[in-house]
Structures are given as C-alpha cells and as structure tokens.
Amino acid sequence: MTSHLLSPLPSLTFFQTGNLTGRSLPLNPNLQFSKPRLSKERAATLVLRSKGDDSVDASDRIISAVCYFYPFFDGIQYGKFIITQYQPFQILIQPLFPAIKAFKSFPFNGFLIFIALYFVVVRNPNFSRYVRFNTMQAIVLDVLLIFPDLLERSFNPRDGFGLDVVMSLDSTVFLFLLVCLIYGFSACLFGLTPRLPIVADAADRQVL
C-alpha cells in the first residue's frame, strides 16, 4: 500500500477530438514568456505625443506670440472710451504705448505689416505650420476689423442713444481684441495652439 502511494505519477495527457490517442504534454517549470517590447520609433512617437508642447521650438513660440500684437495695435482706437474711463486698462496698456505710437506713426504701417506677414510668413514653407497658422489667425482677426470700422463710418452719432450704441460696440471690439491678445500670446509662449473663435477655421483653410 505504501509502495503504491510512493509510485511516480503518470504523465498528463490530452486527447484530440475524434482521436483517442493520447499525447504526453511536457511540462517545463522554467518556461518564461517574453514581454512585448516597443520599437524605438514607436517609443519616440509616444514620447513626442505625451510632450506635445515641447515639440514647438522656442523661436516658433516667440514669433507666433508676437503676431497677435498686430490686430490689437491696429484696433487700439476701439478702446478710446473704455481706456479713458477705467484706470486699470490704462495701467495695462501703458507699457505698450511706445509700440502703439510707432505702429500708428505711418498710416500705411498696418497694410505693410499685413503684406509682410502674409507673403513672408504664411506663404513661406520654411516656417513651421505652427507659426503660419498663428500668423494667419492674427491676419484674419485684423481683417474682421473692417466691419466695425465701416459701421462706425456710416453711423457716427454725436450724442444720445446712438452714441451709447457706438461706445458699446467699440468697447466690445476692444475687449475681444484684448482677450485674443492675452489668450493667443500666452498659449504660444507655452507651445499650445490657440484657436480663436470665428477666425480659427478660416486660418486652417489658408494654411496648407
């Protein structure tokens, strides 16, 4: 009885369907499964995706951020009411007064900068798409200033309710430009891609 219990165990067998012949299944206690490994190219791609902001060069960030000053300088006149009435806006805009004065010193500066940005930057494949897209957003934003300018030229009341409407319109345009400047400038400095309302889709269509 004791010898029977101490006898070696029979080898494990398995049977195939339709075949009663058993086959021994060898057992390897040292069997190890290899871990899946990423290729170097795939690993590099994942690193770039996880650090997308680091993929934008510092020079591209600075150029893109500076471009958003263009529509703000070109539309600074829409802040004449809100800047004179609220001192915080005066303090905020005061460091930019020298640059604004230089921009407004020649009547064709806005047009010349428009031509330079569009043909030298946007249409230049030597610049990255990041720079060309942000530059195009600034250009489209500046082009939109034509509409409040035409409205103000055709409807220019001196007092009363009409003046209140013009003041509200000008202040809204100025605040929109200021928000776009702060958002676009700060996002570019961090290497992010700002998408401004109204103008982002138009900029996408122009940048190939």
Side-chain angles (χ1 to χ4, degrees), residues 61-122 130-207:
R61 299 184 189 190
I62 295 175
I63 295 173
S64 300
V66 170
C67 286
Y68 286 100
F69 283 101
Y70 166 55
F72 181 77
F73 288 171
D74 202 19
I76 190 65
Q77 68 273 8
Y78 294 105
K80 57 182 178 291
F81 298 111
I82 195 171
I83 292 176
T84 55
Q85 293 179 1
Y86 299 97
Q87 187 176 4
F89 287 99
Q90 299 177 16
I91 298 174
L92 181 64
I93 303 300
Q94 187 174 4
L96 302 177
F97 279 165
I100 295 172
K101 185 177 180 180
F103 183 89
K104 296 291 187 180
S105 61
F106 186 65
F108 294 103
N109 276 344
F111 178 73
L112 294 177
I113 294 177
F114 168 83
I115 296 297
L117 291 177
Y118 186 76
F119 289 101
V120 178
V121 179
V122 176
Y130 183 83
V131 173
R132 292 185 289 120
F133 170 77
N134 284 286
T135 305
M136 193 64 215
Q137 273 203 133
I139 291 175
V140 175
L141 183 60
D142 183 72
V143 171
L144 291 179
L145 295 178
I146 294 176
F147 297 102
D149 183 64
L150 291 176
L151 183 61
E152 191 172 279
R153 290 176 183 273
S154 59
F155 181 69
N156 190 19
R158 299 296 179 182
D159 53 11
F161 177 74
L163 180 60
D164 293 337
V165 172
V166 172
M167 292 175 60
S168 299
L169 176 63
D170 286 357
S171 300
T172 301
V173 173
F174 172 77
L175 291 176
F176 180 71
L177 292 174
L178 180 61
V179 170
C180 289
L181 170 62
I182 296 174
Y183 170 58
F185 184 84
S186 58
C188 289
L189 288 184
F190 284 101
L192 304 176
T193 303
R195 295 190 62 86
L196 302 179
I198 304 173
V199 303
D201 292 336
D204 268 329
R205 290 191 293 268
Q206 292 294 325
V207 179

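Everything numeric in this text was worked out from a predicted model, so none of it was measured.
When all heavy atoms of L117 and C67 are compared, the closest pair comes out as CD2-SG, 4.2 Å. The two residues F133 and A203 have their closest heavy-atom pair at CE1-CB, 3.8 Å. Contact detail for V122 and M136: the closest heavy-atom pair is CG1-SD, 3.8 Å. Counting all heavy atoms, side chain and backbone alike, E152 lies closest to V166 at OE1-CG1, 3.9 Å. The heavy-atom pair separating S64 from V131 by the smallest distance is OG-CA, 3.4 Å. L189 and R61 make their closest contact through O-NH1, 3.3 Å (heavy atoms, listed as atom of the first residue, atom of the second, distance).
Residues passing the side chain to side chain donor-acceptor pair (under 3.5 Å) test with D164, sequence neighbours excluded: none. For Y118, the side chain to side chain donor-acceptor pair (under 3.5 Å) test picks out R123, with sequence neighbours left out.
For F114 and Y70, the ring centers sit 6.0 Å or farther from each other.
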**Request:** Could you please spell out the steps behind the side chain to side chain contact (heavy atoms under 4.5 Å, CB included) verdict for L175 and F89?
**Result:** CA-CA 10 Å; L175 291 176; F89 287 99; 3.8 Å; yes
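With K101 contributing its side chain and L96 its backbone, the two residues share no donor-acceptor pair below 3.5 Å. Panel note: side chain S105, backbone A102; a donor-acceptor pair is recorded below 3.5 Å. With hydrogens and angles disregarded, no donor-acceptor distance shorter than 3.5 Å links the side chain of Q87 to the backbone of T84.
One distance of note links OH of Y86 with OG of S171; it measures 8.0 Å at 0.5 Å rounding. The distance from the OG1 atom of T172 to the CG atom of L177 is 11.0 Å, given to the nearest 0.5 Å. Atom OH of Y130 sits about 11.5 Å away from atom CD1 of I63, to the nearest 0.5 Å. The distance from the CE atom of M167 to the CD atom of Q85 is 4.5 Å, given to the nearest 0.5 Å. Once rounded to the nearest 0.5 Å, the distance linking OH of Y68 with OH of Y183 reads 8.0 Å. Atoms CG and CD1, from L144 and I139 in turn, are 12.0 Å apart once rounded to the nearest 0.5 Å.
For the pair I113/D74, no side-chain contact is recorded, criterion being any heavy-atom separation below 4.5 Å from C-beta on. A 4.5 Å side-chain heavy-atom check between L112 and F106 finds at least one atom pair inside the cut-off. Using a 4.5 Å heavy-atom threshold, the side chains of I83 and F174 count as touching. The closest side-chain heavy-atom distance from P194 to N134 is below 4.5 Å.
Among V140, L141, V179, the single residue meeting the side-chain contact (heavy atoms from CB on, under 4.5 Å) criterion with L196 is L141.
Between D149 and R153 a salt bridge is recorded (basic side-chain N to carboxylate O distance below 4.0 Å).
Atom CZ of F97 has more than 12 heavy atoms from other residues, nucleotides or ligands within 6.0 Å. By the neighbour-count criterion of 12 heavy atoms within 6.0 Å, atom CZ of F147 is sparsely surrounded, having that number or fewer from other residues, nucleotides or ligands.
Ring planes of F69 and F185: perpendicular class, angle over 60° (limits at 30 and 60°).
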